[in-house]
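Letters A, B, ... mirror the listed sequences (proteins, then strands); counts begin at 1.
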Number of protein chains: 2
Amino acid sequence: MKNNDDKLISRNMKPTAMRELVLNALLEQNVAISLSDLEKKFDKADKVTLYRTLKTFEENKLIHSIDDGTGSVKYALCAENCQCNPHDLHVHFFCIKCKHTYCLNDTPIPSVTLPLGFEIKTINMVVKGTCANCKE
Amino acid sequence: MKNNDDKLISRNMKPTAMRELVLNALLEQNVAISLSDLEKKFDKADKVTLYRTLKTFEENKLIHSIDDGTGSVKYALCAENCQCNPHDLHVHFFCIKCKHTYCLNDTPIPSVTLPLGFEIKTINMVVKGTCANCKE
DNA sequence: AATAACTTTGCAACTTGGTTGCATAAACTT
DNA sequence: AAGTTTATGCAACCAAGTTGCAAAGTTATT
């Protein structure tokens, strides 16, 4: 757990019990997770606390949020030294069968040429379909 | 208005008064519009009716919906013969200054190579930044 | 033209995700 | 140990999206 403390500290957050639990939950996960998913993983935990914990994690770039079009925002751990710059960004994949949202960490977002005068700041790219596990 | 009737009829919808009004509102617009935006354009109109009208339009591929990450789904007219297939899809642009969501109809979504076993069905790609109008 | 059958509209009410305010508890400072 | 800051928990709220049901409007059938 010392390990996780360091993760929090290196991102300028105090390693409280709550934060460790949440970070742990995120580490266990190989898919992105919503606030209510997270809530279900704890017997007794206040939604607001979890909400604020996620917000704090996000602000400090320990996790990033994904809008996968399901209506609930998902969260996933950032890579070690991620600064959430455009070139840090990867494609996300939503499986319409198992409803899981994956970070395709090795699939960078392809570049787009925008019309004149449009300036890019960030991109959200979500591919939907069936994942490797659900392929029949 | 006969014009619009045809649009509705050709997409297999009965041209009711409500639908014509909504279609008209959409035609006036050069940006995508949310349900509550639409609501504001009518003095007296039930949210649910507008909601169902949009749903009907979407089902019949007269409009498409865009999840621009703002938390409210936007809608915009499809091109004439759009079938909303992956190759019909275009990039959307959300301007962080004026908060408008544009269809970049001439900017097709670039192709991505997914990890083995992942099969693409559709893509949502939203670029965020500043639009041509907001460029200083 | 009258009745039946179906479709669309409007109202009420609800669900869910996200959020704020405030009081308590915990941690850090001196 | 007292005071200050930070984190947590509860209640309550807001907005977006949605469903059920009854009334109004349309279309089809005789």
> If the sugar-phosphate is the primed atoms plus P, OP1 and OP2 and the base is the rest, what is the B/S/- string for nucleotides 8-14 of chain D, using protein heavy atoms under 4.0 Å?
Replying inline: SBBB---
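Atoms CG (B:D37) and C1' (D:dA15) sit 13 Å apart, rounded to a whole Å. Note: CE (B:M13) to P (D:dT27) measures 15 Å, nearest angstrom. Protein atom CG of B:L38 is 13 Å distant from nucleotide atom P of C:dT9, rounded to whole Å.
B:R19 places no side-chain N or O within 3.5 Å of a backbone atom of B:L8 that could act as its donor or acceptor partner. For B:N24 (side chain) and B:L21 (main-chain N/O), no donor-acceptor pair under 3.5 Å exists by modelled atom type. Proximity of a side-chain donor or acceptor of B:H64 to a complementary backbone N or O of B:A76 within less than 3.5 Å is detected.
Residues B:Y51 and B:L35 come closest through the heavy atom pair N-CD1, 3.6 Å.
Screening B:D67, B:D37, B:D68 for a salt bridge (charged side-chain N to carboxylate O under 4.0 Å, His left out) with B:K74, the sole residue that qualifies is B:D68.
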Table please: side-chain donor-acceptor pairs of residues 107-123 of chain A below 3.5 Å, with sequence neighbours left out.
none

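In this structure, B:K14 and A:K55 both approach DNA chain C, and ranking their closest nucleotides by distance from the 5' end singles out B:K14.
Contact check, B:Y51 against D:dT18: a side-chain N or O comes under 4.0 Å of OP1 or OP2.
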